[in-house]
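Below you'll find the structure, written out as structure tokens, and then a few comments.
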Protein chains: 2
Amino acid sequence: MDEIARRAGVSKTTVYRALSGQGRIGEDTRRRVLDIAEEAGYRPNRLARGLRRSRTGLIGVVVPGIEGQFYARVLEGIEKALQDVDHRVLLTVSRGEQEYELVESLLDMQVDGLIVASESDSPDFYERLLRRRVPIVFIDREVPGLHADLVATDHFAGGVLLAEHLRDKGYRKPAFLSVTDRPRPIGSIEDRWCGFRSVFRNACLLHHPFMGSVKRLLREGGDAAPAETFSELCLLALRGALEPLATFPYDCVFAQYDHFALAMIHLLQAHGIRVPQDVGVVGFDDHDFTEYTEPPLTTIRQPLREIGLQAAQRLLRRLEEPDLPAAALRLPPRLVARRSSDPLAAMEQP
Amino acid sequence: MDEIARRAGVSKTTVYRALSGQGRIGEDTRRRVLDIAEEAGYRPNRLARGLRRSRTGLIGVVVPGIEGQFYARVLEGIEKALQDVDHRVLLTVSRGEQEYELVESLLDMQVDGLIVASESDSPDFYERLLRRRVPIVFIDREVPGLHADLVATDHFAGGVLLAEHLRDKGYRKPAFLSVTDRPRPIGSIEDRWCGFRSVFRNACLLHHPFMGSVKRLLREGGDAAPAETFSELCLLALRGALEPLATFPYDCVFAQYDHFALAMIHLLQAHGIRVPQDVGVVGFDDHDFTEYTEPPLTTIRQPLREIGLQAAQRLLRRLEEPDLPAAALRLPPRLVARRSSDPLAAMEQP
DNA sequence: CTGAAAGCGCTAACAA
DNA sequence: TTGTTAGCGCTTTCAG
């Protein structure tokens, strides 16, 4: 900027005024400065601007992982919404370990706000931040005991949708597979349960830490993996599920995750039970492979991109109005009932 | 920092020395300053530090999209490698449009370096940056005509692996589906072709812009989508592929992408051709749904996370040694031959 | 309409 | 061992 000022024979301030379009300035000087800046290929240093204005245009994002499609899609939505208003995403992946440290480091970098998919079990850390008026929007999971902005799927509605679908298909004795390995069940799965039970009063709840088994197998596995693929891993984790279920005359299963649903189907088939004739199985979207499974799998599609978009927008809004009361936004999911007819048939016949 | 200096009764510089652990300082003052800083919850402003040192610890990343698993996984590797050395990822998604602007904006934010999955067809823009000695590592695709660091899959090796696999399975007359919609064929697919042909001298090349069809359908589709799912879309795009192929007595097909491979399988089956008995089909990893398809699909797994890790490490190295000569690192892919036996059988029998 | 000066928070060089 | 000073590049305020 100094060089431009010198070359144009004006002060830094004038250059700034020309470039920013703010403040009174003579048309001729403005043109001259702009031309010189253009020619010199001048680009403002956003870091310096951030330091001065204490507004960086950086938004910190913390997610547990992005290898699965779940957070990748949410992230896509976040980035899109922010790019549209010329903000940038500072991305960190917590991998179940570093959440708080990462949040701190993002704040050190002077992000304007945070979007966090937290795995925290206690509200203390975030309560402190909120008291310091750090703008935060949580996504996907709520932090237990914390009153803060949240954007997530409406899991209750998802439970209702799946229950209604099963009921419409003629099933009557549903089993609900709770899969959590946490001390307190995950809120989202509890919500699904409530929704599910509001339709099926007689639903049977099978509580078992399948998810924990998968994680343990993954950890222990290391190189000597107990299974080649993740789907096989899920199969291993679910192996014990049939005996406890057998005490209940179920005719359909809500398996919480698509991977589990598929494993459950394989498991049932291995025991000579036909799907969906004898027993129906439904999942809940954590992946988009459901297009490809055999037999077709009915599932709930979560509005992932939309969650990201809404979270970003909420955060931007909060930057303008820091006193906005905290609110939870629960977005409706969509039932994806895979027709069992061959999609190809429909396409090739006509 | 000023406040801590005041409270400790020393100069800012001393506080800095205590906190940074650099320069000589009395043990007692050091302790005192550290205690006060701790108590005051002091955290250094990395933005200011960046401005002063002109080293921000920010790495700009540009990818075309992250909804598919491809770049999400690469990104995971990048983030991991950078997090390990306390650097942060500034993520942007170009969505086939804004690549150059995004790169500029990242530079405005004073990133230390860039990792770019470019869709550019011309080297001019990046050549200018490289002349300005901006550290850049490209991933996945090379920019035509540009001599720069690149980390990517060894597509030639991938082509060889698939060809050898097909040969070992007894196939003799392979068809290679080139799917590009670009003026110049994408380098990676050319490499696959070269590798493939080094094994099968008689391979037949079917050149047709299937990929372009898919994109067009996606664009035109809008709400009135011509197909419910992406897999159906691929099927539509491939419909015309069988006639040109029919002129060649092929007994197997290399379909470039898993989605196409699967669509091809369905297409063949719809025409009464059995897979893999009559015709074998192989893909090339762009997704991890191959675990779930029916019939099983043999494919090449690209070392995506590793690409990210290596790219980040290369960039970090280049930050230290700006004069490193540009180099291409091509990482070996892995053949994933899906056994057609039921994985469950293997697990449940014993 | 234009310019001078101060300062965001940190760091590096130099002086005491 | 400690302190003083200057400056990264931009923005704001106040003065001309």
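Naming convention: chains lettered A, B, ... in sequence-line order (proteins, then strands); numbering from 1 in each chain. No hydrogens, no waters, no symmetry mates; every other heavy atom, side chains included, goes into these values.
To the nearest angstrom, C1' of dT2(D) lies 12 Å from CG of Asp28(B). If you measure from atom CG of Leu19(A) to atom P of dG9(D), you get 15 Å, rounded to the nearest angstrom. Rounded to whole Å, the distance from CZ on Arg30(B) to C1' on dT2(D) is 16 Å. Asp2(B) places its CG atom 9 Å from the P atom of dC10(C), with the value rounded to the nearest Å. In this structure, the CG atom of Leu47(A) is 13 Å from the P atom of dC10(C), given to the nearest Å. Atom C1' of nucleotide dG9(D) and atom CZ of Arg55(B) are separated by 20 Å, given to the nearest angstrom. Per the geometry, CG belonging to Asn45(A) stands 14 Å off C1' belonging to dG7(D), to the nearest Å. The separation between Arg43(B) atom CZ and dG9(C) atom C1' is 15 Å, rounded to whole Å.
Over its length, the helix from dC1(C)-dG16(D) to dA16(C)-dT1(D) turns its helix axis by 50°, as judged from the five terminal pairs at each end, rounded to 10°.
The pair Arg6(A)-Asp2(A) fails the salt-bridge criterion, with no side-chain N (NZ, NE, NH1 or NH2) lying under 4.0 Å from an Asp/Glu carboxylate O. A salt bridge links Arg43(B) to Asp108(A): one of the charged nitrogens lies within less than 4.0 Å of a carboxylate oxygen. Between Glu320(B) and Arg55(B) there is a salt bridge, with a side-chain nitrogen of the basic residue lying less than 4.0 Å from a carboxylate oxygen of the acidic one.
With sequence neighbours excluded, no residue forms a side chain to side chain contact (heavy atoms under 4.5 Å, CB included) with Arg52(A). A search for salt bridge (Lys or Arg N to Asp or Glu O under 4.0 Å) contacts involving Glu306(B) returns nothing, not counting sequence neighbours. Remark: Phe138(A) pairs with Tyr126(A) by the ring-ring contact (aromatic ring centres under 6.0 Å, His included) rule, at least two apart or across chains.
At a threshold of 4.0 angstrom between heavy atoms, the contacts of Ser54(A) with the nucleic acid are absent.
Shown here for Leu47(B) and Leu51(A), the closest heavy-atom pair between the two residues is CD2-N, 3.6 Å.
The list of salt bridge (Lys or Arg N to Asp or Glu O under 4.0 Å) pairs with a residue in residues 127-137 of chain B, not counting sequence neighbours, reads Arg133(B)-Asp323(B).
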Next item on the list: Any chance you could list the contact pattern along nucleotides 11-16 of chain C? Use B for base contacts, S for sugar-phosphate-only contacts and - for none, protein heavy atoms under 4.0 Å, 5' to 3'.
Entry: BBB---
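Taking for each of Leu51(A) and Arg24(B) the nucleotide of DNA chain D with the nearest heavy atom, the 5'-most of the two is the partner of Arg24(B).
In this structure, a donor-acceptor pair under 3.5 Å is absent between the side chains of Gln83(B) and Thr92(A).
Between Thr14(B) and the phosphate of dT1(D), there is no side-chain N or O to OP1/OP2 separation shorter than 4.0 Å.
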